[in-house]
Protein chains: 2
Amino acid sequence: MKRIDFQTNPSRYRHWRIEIDGAVARLIMDVDEAGGLFDGYELKLNSYDLGVDIELADAVQRLRFEHPGVKAVAIQSGKDRVFCAGANIRMLAGATHSHKVNFCKFTNETRNAIEDATANSQQSYMAAIKGSCAGGGYELALAADHIILTDDGSSSVALPELPLLAVLPGTGGLTRVTDKRMVRRDRADVFCTVEEGIKGARAQEWRLVDEAVPNAKFHEIVSERLTEIAARSNRPDDAEGVTLTPLDRSLSDDAVIYSTLEVAIDRAGRVATVTIKGPEAEPAADMAAVHAEGAEFWPLRLARELDDAILHLRANEAEIGIIAFKSHGDSGLVMAYENLLLDNAEHWLANEILLYWKRVLKRVDVTSRSLVALIEPGSCFTGVLAELAFAADRSYMLEGTIEGDNRPPAALTLSRGNFGPYTMPNGLSRLQTRFLGEPQAVETARAKIGEPLEATDADALGLVTFVFDDIDWEDEVRIFLEERANFSPDGLTGMEANLRFAGPETMETRIFGRLTAWQNWIFQRPNAVGEQGALRRYGTGQRSEFDHQRV
Amino acid sequence: MKRIDFQTNPSRYRHWRIEIDGAVARLIMDVDEAGGLFDGYELKLNSYDLGVDIELADAVQRLRFEHPGVKAVAIQSGKDRVFCAGANIRMLAGATHSHKVNFCKFTNETRNAIEDATANSQQSYMAAIKGSCAGGGYELALAADHIILTDDGSSSVALPELPLLAVLPGTGGLTRVTDKRMVRRDRADVFCTVEEGIKGARAQEWRLVDEAVPNAKFHEIVSERLTEIAARSNRPDDAEGVTLTPLDRSLSDDAVIYSTLEVAIDRAGRVATVTIKGPEAEPAADMAAVHAEGAEFWPLRLARELDDAILHLRANEAEIGIIAFKSHGDSGLVMAYENLLLDNAEHWLANEILLYWKRVLKRVDVTSRSLVALIEPGSCFTGVLAELAFAADRSYMLEGTIEGDNRPPAALTLSRGNFGPYTMPNGLSRLQTRFLGEPQAVETARAKIGEPLEATDADALGLVTFVFDDIDWEDEVRIFLEERANFSPDGLTGMEANLRFAGPETMETRIFGRLTAWQNWIFQRPNAVGEQGALRRYGTGQRSEFDHQRV
C-alpha cells in the first residue's frame, strides 16, 4: 500500500494557494482534478481527498508560524461556479473502512485547528462562499467563525450526505449546525434532507450563514469584513515568521528516526515504541534567541516530529495496536525549555508553540491505538512530556534501579504545564480529568511541581497506574503488551473512546465521540456501503436499494 | 416473529420478587433459567434477556406508584453464588442487530428510571452484591446510588465484555464508571480488561463500590444502610398506592387501539400514526379525587398507553420508519388536567405522574424513528401534548380551516409545563433546546402561556416548522412522508441522534449518544459478530480470530 506522507510545503501544493496582503490572507481552494492521492477518481468540482486536506492543514499551520502578521484569513474558492463539493464520493466509495475513518479524523482535526487559530491565536477565519458549497464544503465553511454567502440566485450551502449518500455530514457538520451555529433543530432536519441546499436570505435567517450579501457587493463586503476582523486581532504587526523547515526524518521497514524521537515498530507484537529524546543543552536565554533558532528550537522540533509520527502510525501502520511512549534525557532541561515558553506565553511564538503542543497532545488523545507510558530509569517524563503519560490509557513505572545499569531511578516531574495550557478535547487538563472523582488530588499534585517524583511517590499521588521493581518489570510489561495486542481492536477503540473523555463535553468531544461513532456505524451498514448501498451506487445511474428496518 | 409485550405485573413475574417491609423494599433477582423470552438459550447464573428487564422496569414503576411508602430499595440476588452475570450471551449472539440495539436501549431506559426514582422520587436504590456481579450485572448495580459488596474472598464486580466478547459494557457501564463513579481512567482501563473483576477493598479504593464489608456483617450492614437511606427520604409514610391496572388495549394487524390513543399502521408507507384523544370531562377537583380515580386518571392513563405504544412500535414494527403524532380534543381540558398536576407538584402522586411524563417523552426523544407532528383543526397540542410537537423532528401546522369541515383552525397552546418539568436527556426543556441560538425566544413564548396560537402566530414564534393551508396541506405532508420513508433508515437514525440533542451533555445523552453509537458500531464488526468473532464463538470452545487492523 502507498505510504501516506503528511509533510508538504507550499512549493508542492497542487490544490491550495495562500495569498497574503498585510494582515489579511486568502486561502484559495483550487483543486487539481488530476491530483488525487490515489488512483481511480478525479477531484472534480473542488472536491477533496486526504491529500487536499494535508495541504490545507499545512497551510493553516504555516500561516500561524510563518506569517505571524496575518490576522484574518478568508477561505475562498479558485473556481468560478463552485466553492467546494465536499469529500470526493468516488474516493469514499472505493476506500476501506479504516481509510474512511482515518480520513474523517484528520479532516476533523484540521477544522479544529482552524477554530483553534481563530480562538487562541487571533488569526481568525472566515468563509467567503460563491457557488455551490456542499457537504464537506459547507463543513469546511462551518469551521470559520464568520460565513458570507453571495446571494446570486444560485449559490447555496447544503449538507446533502443523507439524501444523496445515506451517510452523515460527519466532519463535524451535524454538530456545528446544532452547537456552533445553533440552528433550530427542525430547520436543521430540513436542511440536512434537502439535496439542493439553501440559498440567500433563508440561509441567513436559518443561521446557516452570517450574511447573505448581494452578489455585486460580494467581493467588497468580504474585503471589508477581513479588514474589520483583522482590526480586532492583537497579533503583532511587525513580527517575522519562523520557517517550518523540512523534518529530519528517515524511514525504514521497522523504524522512523527523527531528530528528537524514534519510532520502533514491532510488527509481531503489534507495538510501536516511541522514544523521545530530551534536549541536550540549556535553552536559549530569551524569545529573541528562540526565534533565531526557529524550527530547530527543541520543543517545536519535537512537537512537529511527534505529530508526524502519530499521523504516520495512524495512516500507514494499521496493524500496530499499541503505542508505547518512552523517554530519555535530562528532566531539568525539559523543564527549562517549557518554563521559557510558559514565562513568555504572551509572545506570539511561545504562544504558538504551546498551542501546537496542545493540538499534538489532543491528536494523541483521539488516536485509536492503545497508549501506554513506560517510565524507566533515565527517562524524562517532565511537564509536557508527562502529559504523554497522562494521555496514555495506563502507565507503568519502574521502581528503583535496574541491576547492572547505573542510571538513577525513574522520576516523573510535574510542571505548571500540567495544570492548564494543554487542555484535552473536553476542555479540562489531563490531571483534572484523571482526578474528576478526587479533585483535591489535583491540588496535592500541584504542590509537587518541580520535585522529581520517584515511583512510590508518583503512585501515592495517583499519577501512575502500576509500579514494579526490576525483578517484575519486564514480565509485567510483556504480559500487558501481549494481552492488549490480542484483544479485539474494535472493542478497544470503542472502550478507549469512552474511557478517555470523562467530564464535560465540548463540540470537539461530541464530534469525535457521538458524531464520529454514528458515522462509523453507518460506514459499516449495507445501506451505505453494500453493493446496493447509496455510497456505492452514487453516480452509477442505478438507484440504491435499502433494507428499511430501523434498529 | 414473536410479538414482544412490555406489559406485565407481579403475579406473572418469573424472574423478580418484590419484598416490602415498611419503608424498605428488596427487589430480588432470581432468574428462571427456563424463562427466556425466546428459544435457544437458558438464563443461567441470573443472566438476563429483554423479558427479565421488562419485569424489572415494571417493578421499578410499580414501586413508585403502588408503594408510595417505600423509601429505600435494595437490589439483591436470590441465588447463592451469583449476583447477576449480565445480559445472556447466547441470546446476544443469536439476536439480530436490531434486537440487540433495541434490547440495550430498553435496559438503558430502565436503569435511567432507577436513577430517576432515586433522584426525583426519593425512592432510593442501593445494590447489595454477594457473589459474582459481571457485565450487565455490574451495570445494574451502577444504576444504584450506593453499592455494597461483600468481602468474602470471592465476590467481585467486573466488566468483562471486552476481554470475553469483544464488545463494550454498553448499558451505561463505561459512562457510569467514568462519570458517575468517577473512577480514574487508567484504573477504569484495567478494570474493563480484567475478566475476573475486582474484589473487596480494592474495589472500594478504586471507587467501583461504596463499601466492601466483611461477609459476616453483610446482611446487617445492608439493612442498616436501607434504614439510613429511608430516613433521609421525604416520601409520605402513610399514603396509599395507586394500582397500575392492566391497559385497555386491543391489537390487530394494522392498528393498536388504547383508551386514549390509537396507532394506525400504514405498512406500505412505513408510517405509524399515533392519534391522541384529549380528555372528555373536567378533571377531578383535587388530588384526593385524582387518587380515587387512580390509573383511570387521564394523564396517567395516556402516559401508560403512549409508553406502551412507543415500545410496541420499537420492538415489533421495525419496518415503520416514521411516527406521526396527531391529536384531537379540547385544549382547555388538556390544560386543566396538566394545571391540576402542576399546582399539586408537591403531592407524591402528582409528582410521580409528572415524572412519568418526563420519562415517556424521553422515550420518544431516543426512539430511532423519524418523528413528525401534524397539527390540524380540532387538535389539542397543548402543554404536555405540545411537547410531542417539540420532540418531533419537524412539525406541520394547518393554517385556517378545511373546506367542508367545521372544526375551528388548529391552535397550539403552551402551558407552564413547556418551560420546566419535562426536561430532555440533555437536562434542558425542549423549548430551551429548540431556541439555543435565540434564548430570548423562550421568554417570548413564555409570555404566550394559555393563548391558543394559530398557525401564523405559532410560526412567527418559531414553534412549528411549516405552515400550509388547506390547498397545499395534503400534498406537502404526503411528499414529506414519502420522501422520508425512502431515505436510508440508518442514515436517519444517525442524523436524528445528533440533531435532537443540542446543548449540554449529561450521563444520559452520553449513554445514548457516544456509548451506544460505539457499541452499535462494534455490534456490526466481524471481530464481534462475524463467524470467527468473539460474541459468536463464546462458549463454543473455539477461540475467536480477529482482524487486527485498527480503524
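Model, not experiment: these values are computed from the prediction. Just so it is clear: chains get the letters A, B, ... in the order the sequence lines come, proteins before strands, and each one is counted from 1.
- Closest approach of Gly491(B) to Leu162(A), counting heavy atoms only: C-CD1, 3.2 Å.
- Here the closest heavy-atom approach between residue Met495(B) and residue Leu168(A) is recorded as N-CD2, 3.4 Å.
- One N or O on the side chain of Arg185(A) and one on the backbone of Ala391(B) form a donor-acceptor pair closer than 3.5 Å.
- Proximity to chain B involves both the backbone and the side chain of Leu174(A), based on heavy atoms less than 4.5 angstrom apart.
- In this view, Thr493(B) and Trp518(A), Trp521(A), Arg550(A), Ser368(B) satisfy the side chain to side chain contact (heavy atoms under 4.5 Å, CB included) rule, not counting sequence neighbours.
- In this structure, the portion of Phe466(A) lying under 4.5 Å from any heavy atom of chain B is its side chain and not its backbone.
- At a 4.5 Å heavy-atom cutoff, the contact between Val551(A) and chain B is made by backbone and side-chain atoms alike.
- When heavy atoms are compared at a cutoff of 4.5 Å, Pro504(A) approaches chain B solely by way of its backbone atoms N, CA, C and O.
- Among the residues in residues 505-512 of chain A, those with a non-hydrogen atom closer than 4.5 angstrom to a non-hydrogen atom of chain B are Glu505(A), Arg510(A), Phe512(A).
- Here Leu436(B) is the residue among Thr516(B), Val177(B), Val167(B), Leu436(B) with the most heavy-atom pairs under 4.5 Å with chain A.
- Contacts of Phe487(A) with chain B are made by both backbone and side-chain atoms, with heavy-atom separations under 4.5 Å.
- By number of non-hydrogen pairs under 4.5 angstrom with chain A, the leading residue of Arg181(B), Glu317(B), Lys105(B), Glu496(B) is Glu496(B).
- Looking at Leu165(A), neither its backbone nor its side chain comes within 4.5 Å of chain B, counting heavy atoms on both sides.
- Both the backbone and the side chain of Asn498(A) come within less than 4.5 Å of a heavy atom in chain B.
- Although no hydrogens or angles enter the test, the distance criterion places no donor-acceptor pair under 3.5 Å between the side chain of Asp186(A) and the main chain of Asp393(B).
- Contacts between Ala534(A) and chain B at a heavy-atom distance below 4.5 Å are absent for every atom of the residue.
- Heavy atoms closer than 4.5 Å to chain A are found in the side chain of Arg270(B), but not in its backbone.
- Between the side chain of Arg207(A) and the main chain of Gly437(B), a donor-acceptor pair closer than 3.5 Å is present.
- Only the backbone of Ala485(A) comes within less than 4.5 Å of a heavy atom in chain B; its side chain stays farther off.
- For Asp490(B), the parts sitting under 4.5 Å from any heavy atom of chain A are the backbone and the side chain alike.
- Heavy-atom pairs under 4.5 Å with chain B were tallied for Arg484(A), Arg394(A), Arg314(A), Gln549(A); the largest tally goes to Arg394(A).
- Using a cut-off of 4.0 Å between Lys/Arg side-chain N and Asp/Glu carboxylate O, Arg500(A) and Asp189(B) are scored as not salt-bridged.
- Using a 4.5 Å cut-off between heavy atoms, Ala528(A) does not touch chain B at all.
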